[in-house]
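For ligands, and for the atoms within them, numbers begin at 1 and follow the listed sequence. The figures here come from the full heavy-atom set of this structure, side chains too, leaving out hydrogens, waters and symmetry mates.
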Amino acid sequence: MSNELAPQISQNVSPRAGGLDISELRIWFDTPAGPLRAVDNVSLSVRDGEIVALVGESGSGKSVTALAALKLISTPPGRFVSGSVSLNGQDILAMSEHDLESIRGTSAAMLFQNPRGSLDPSFTIEEAFLETLSLHRPEMKKAERLRYIEQGLRQVGFNDWQRIAASYPHQLSGGMCQRVSLAITFACHPSLLIADEPTTALDVGIQAKVLFLLRQLNQEHRLPILLITHDFGVVRAIAHRVVVMYAGHVQEEGDVEEVLASPQHPYTQALIRSVPDNVRDDESLYQIPGTPPNLVDPPKGCRFADRCDHVVDRCRNELPELETLSETRAVRCHLVGPEKGDA
Ligand SMILES: Nc1ncnc2c1ncn2[C@@H]1O[C@H](COP(=O)(O)OP(=O)(O)O)[C@@H](O)[C@H]1O
Ligand SMILES: [Mg+2]
């Protein structure tokens, strides 16, 4: 990640009734071997004006958590076992598919890792834009929609917006497609943006540009964003708050600056050490040894125990609670806490 995006963001975020609240959510997938506990008692919230990063290695349960925010899990094989999801005060899990269709894209919009996948290859960008606007902004007149397209494409940095509008997705690069997707998504005035690894498939230079745009939308419009990433460099670049997830559990959460300055959970420490920017030239990039546990038969203790440098017997036998350390900080580790000293 480029350091030009180092955090300069105000931390003054005032809570309001809106935003996203996920509480004690459990989502399992039925597999031939038994239920796979993808998301296991996860709580997280995103408030007005806030960028919250959900970070963790592949398979941690980040995408499943994000999809649950709009009840986009296929059931079966998925199963909402317990917990709740509230979006702008609405109980998402109790809503009918018909009602959900009307809020997807407006109450919360999603931006995915593969920008081409979310753009229809048979539509020009203008056609795709018009289609989305007619669905979500039916009150708009044609001339107004065209102005909107210009404004939207300019906002994501396309001064030659007419050329982009007339193009098909295959005529644009991945980064350009992602910026277009962002413009189309944002044009529907979502009250929350969920971006699932939006920069992972892009070159480093383009990554920085897309992250910059996300931060700009957040700052100018107080757009709350749930940003999913496996990369602490991305967290450092734009997020206010971070939730660290591993094997279906939240392991640590807190304000980004605080977590970066003193990560408490050994998993968070390892993730931070594996970011290229944190490695001096003479060190090779740290890789967390081992692999995540099987979530069909998870360990009874801490799910990170097998890969942890600080493991003690208790870690293998007893699941640590997610313990609150301060108003914004919580950690799930037997070795961390007010009386236990640092791990
Ligand atoms: N449709 C599905 N059927 C079975 N298992 C699934 C399904 N979707 C996700 N999973 C499993 O749920 C776990 C979490 O997946 P995911 O949320 O995609 O991880 P992440 O986004 O953190 O990489 C993984 O073990 C994954 O294999
Ligand atoms: Mg994912």
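Note: an N/O pair closer than 3.5 Å links Lys62 and ligand 1 by distance alone. Geometrically, ligand 1 and Phe29 share no nitrogen or oxygen pair separated by less than 3.5 Å. Geometrically, ligand 1 and Val64 share a nitrogen or oxygen pair separated by less than 3.5 Å. Polar contact check, Thr31 against ligand 1: no nitrogen or oxygen pair lies under 3.5 Å apart.
The pair Arg332-Glu252 fails the salt-bridge criterion, with no side-chain N (NZ, NE, NH1 or NH2) lying under 4.0 Å from an Asp/Glu carboxylate O. Ion pairing of Arg145 with Glu150 is absent here, as no side-chain N (NZ or NE/NH1/NH2) approaches a carboxylate O to less than 4.0 Å. Residues Glu258 and Arg329 are paired through a salt bridge, judged by an N-O separation under 4.0 Å between the basic side chain and the carboxylate. The pair Asp48-Arg222 counts as a salt bridge, with a side-chain nitrogen and a carboxylate oxygen less than 4.0 angstrom apart. A salt bridge does not link Arg241 with Glu257: every distance from a Lys NZ or Arg NE/NH1/NH2 to an Asp or Glu carboxylate oxygen is 4.0 Å or more. Salt-bridge formation is detected for the pair Arg137/Glu139: a Lys NZ or Arg NE/NH1/NH2 atom is positioned less than 4.0 Å from an Asp or Glu carboxylate oxygen.
No donor-acceptor pair under 3.5 Å is formed between the side chain of Lys62 and the backbone N or O of Met245. In terms of modelled atom types and a separation under 3.5 Å, the side chain of Glu50 and the main chain of Arg47 share a donor-acceptor contact.
Counting protein heavy atoms under 4.0 angstrom from atom 22 (O) of ligand 1 gives one or more. For atom 7 (C) of ligand 1, the nearest protein heavy atom lies under 4.0 Å away.
The residue Met245 has no part lying near ligand 1, judged by heavy-atom distances below 4.0 Å. Looking at Leu36 against ligand 1, only its side chain comes within 4.0 Å, counting heavy atoms.
His240 contributes atom NE2, which lies 11.5 Å from atom CG of Leu227 (distance to the nearest 0.5 angstrom).
By the rule that hydrophobic residues join a cluster once side-chain heavy atoms approach within less than 4.5 Å of another member, Ile194 and Leu93 end up as members of one cluster.
If you look at the Mg ion (ligand 2), the protein N, O or S atoms less than 2.8 Å from it are Ser63 OG.
Phe29 does not carry Arg79 over the face of its six-membered ring by the limits of under 6.0 Å from the centre and within 45° of the normal.
Atoms of ligand 1 lying under 4.0 Å from at least one heavy atom of Glu57, given by number and element, are 22 (O). Taking every heavy atom of Ala38 and a limit of under 4.0 angstrom, the matching atoms of ligand 1 come to 12 (O), 13 (C). Listed by number with element, the atoms of ligand 1 under 4.0 Å from a non-hydrogen atom of Ser60 are 19 (O), 20 (P), 22 (O). Atoms of ligand 1 found under 4.0 Å from any heavy atom of Ser58 (numbered from 1 in listed order, with element): 23 (O).
The closest protein non-hydrogen atom to atom 24 (C) of ligand 1 is Gly59 O, 3.9 Å. The protein heavy-atom contact nearest to atom 18 (O) of ligand 1 is Ser63 CB, 3.7 Å.
Residues Phe186 and His221 bring their aromatic ring centres within 6.0 Å.
Nearest residue to atom 14 (C) of ligand 1 from Gly61, Pro76, Ala66 is Gly61 (criterion: closest heavy atom).
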Could you go through Asp231 and Thr229, starting from their C-alpha distance and side-chain angles, then the distance that decides it, and tell me whether this counts as side chain to side chain donor-acceptor pair (under 3.5 Å)? CA-CA 5 Å; Asp231 181 350; Thr229 177; 5.2 Å; no
